[in-house]
2 protein chains.
Amino acid sequence: MPGIPEKKSILDDLAGRGLRLTSQRRAIVETIQDAQGHLDAATLLKLAQKREPRVNRATVYRTLDLLKRLRLIDELDLMHLEGEKHFYETRSKSGHFHLACLSCKKILEHDTPTFARLKQEVSDETGFSIDVVRLEVGGQCPACRNLSGGNSPLKDREVL
Amino acid sequence: MPGIPEKKSILDDLAGRGLRLTSQRRAIVETIQDAQGHLDAATLLKLAQKREPRVNRATVYRTLDLLKRLRLIDELDLMHLEGEKHFYETRSKSGHFHLACLSCKKILEHDTPTFARLKQEVSDETGFSIDVVRLEVGGQCPACRNLSGGNSPLKDREVL
DNA sequence: CTGCTGTTGCAACTGATTCGCAAATAGATA
DNA sequence: TATCTATTTGCGAATCAGTTGCAACAGCAG
Ligand SMILES: [Mn+2]
Ligand SMILES: [Mn+2]
Ligand SMILES: [Zn+2]
Ligand SMILES: [Zn+2]
C-alpha cells in the first residue's frame, strides 16, 4: 500500500488525460476531496473560493459535470430533502449508500455485503455494464422514531 | 381477491382521508394510473388536460406532492438523463428498481429477491423505519454494449 | 340549498443549472 | 524564455423545474 498519495489522485487522473490543471480545477477538486460530508454546488463554490478566489459558479458546474462523466465523483439526490439541488462525493469512498431521515433530515451512510451481491446479480441478470449505482433510502432514524411516540406510522396530521 | 377494483384505489384512498375529489384530482390520478411508463410533471399535465382541460400546472405539482407524502406514488430521478426533472409511478407497481442506459436512454425495470432482502437488512441493521427506497442503476444496456464495439469501456472520446 | 373550508388558477417568483462568446491561460513547442 | 493555440474561464443572460400568495371557486356535510 502506498503512503498517502490518495490525495492527488483525481488531479493526476485529469492530467493523465491531457486535461489542463488550472488553479480553478485544483481548488474545486481539492475542496471535494478534503470535504467531510456531501457538498452541493453552492457550498462547493464557497469553499473552493477560499482556496482560489477566482473560481466562478459556471466553472464549478462544468467541473462537476466533467468529474461525473469521468466517474471520479458520484452525484447524490439524498431524497431532495431541501430543494432540488444535488450533492457530490468522491468515488473512492464509494460502495456505500445513503439513508435520509425525513424527520430530522440527517444523512446516514451504510453498507452491507448484500448490496455488493445485488449489484453483481443485476449485472448478471440484465446484461447491463454498470457505471453508476445509486441506492437511497428515506425514512425515520431510530432517534426520531422514539421521539415521535410509539403510535402508528404516518398519522394524517404529520403528512397533510 | 377482488375483481378489478385496483383502478380507483388512489381516489378511494384520498376520499377515505376526507380529501376532496375534484375533477382535477380525478384527471391527474387517473392519468398516472393509466400511464404505461414513467411520467414527468409536464407530460402528466398535458395528458391530464386531455381528460379535463381545467387542469393547471400548479395543481399537478400540488397533487404530486400530496400523493408523494401519502406514499401513493414514487418519485424517480432516472439518473436525470435529460434535464433535472423527476418522474412518477404508482406505488402498486412498486418493489422493482430502474436501470437507465446512458447510451440509448432507455429505462429498464428489474427486480430480484436480493433487493427485498437488502431492504430488510437495512431496516434491521440501522433501525430505520423505511418509507421509500430508490435504487437506480446507470450503465449500458446489452444492445448498446455490442453496438459500440467490444473494446474497453469509457474511451476518452465518448466521455469528453 | 347553503355555508364552510379545502382547492384551484393565475402569474409572478425562486433556486438550480446551463449557455454563448470574448478574454485568459496551461502547456506544448521553438 | 518567448510564442502559439486549443482549452478553459468569467460574465451575465437565459432556461428549466418547481413553488407561492391570494382571490375566486367548488366539494360535500348539514
Ligand atoms: Mn456518502
Ligand atoms: Mn434529482
Ligand atoms: Zn431523524
Ligand atoms: Zn442502450
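Residue numbers start from 1 in every chain, and the chains themselves are labelled A, B, ... in the order their sequence lines are given, proteins ahead of strands.
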Quick test of your reading of the model: are B:Arg51 and B:Glu30 salt-bridged, counting only N-O distances below 4.0 Å? yes
Could you tell me whether B:Lys105 atom NZ has more than 12 heavy atoms of other residues or ligands within 6.0 Å of it? yes
Between CZ of A:Arg17 and P of D:dT8 the distance, given in whole Å, is 13 Å
Contact string for nucleotides 24-30 of chain D, one letter per nucleotide 5' to 3', B = base within protein heavy-atom range under 4.0 Å, S = sugar-phosphate only, - = neither, reads --BBS--
>> I want to check one thing: is the phosphate of D:dT8, taken as OP1 and OP2, less than 4.0 Å away from some side-chain N or O of A:Arg25?
In response: yes
Check whether any side-chain nitrogen or oxygen of A:Asn56 sits under 4.0 Å from OP1 or OP2 of D:dC11, and answer yes or no.
yes
Quiz prompt | Short side-chain N/O contact from A:Tyr61 to OP1 or OP2 of C:dT18, under 4.0 Å | solution = no
Among D:dG18, C:dC10, C:dT17, the one nearest any side-chain atom of B:Glu84 is C:dT17
In whole angstroms, the gap separating P of C:dA16 from NZ of A:Lys46 amounts to 10 Å
A:Leu39 atom CG is separated from C:dT17 atom P, nearest whole Å, by 13 Å
When the ring planes of B:His80 and B:His86 are compared, do they come out parallel, tilted or perpendicular, using 30° and 60° as the limits? perpendicular
Rounded to whole Å, the CG-C1' distance (B:Leu78 to D:dA17) equals 15 Å
If only side-chain N and O atoms of B:His86 are considered, is one of them under 4.0 Å from the OP1 or OP2 phosphate oxygen of D:dG18? yes
Out of D:dC11, C:dT8, C:dA12, minimum distance to the side chain of B:Arg62 belongs to C:dT8
**Request:** Please tell me if the side chains of B:His98 and B:His110 come closer than 4.5 Å, counting only heavy atoms from C-beta onward.
**Result:** no
Salt bridge (Lys or Arg N to Asp or Glu O under 4.0 Å) between A:Asp74 and A:Arg134: does it pass, once the steps are laid out? CA-CA 9 Å; A:Asp74 280 314; A:Arg134 201 148 82 189; over 6 Å; no
Between CZ of A:Phe87 and C1' of C:dT17 the distance, given in whole Å, is 15 Å
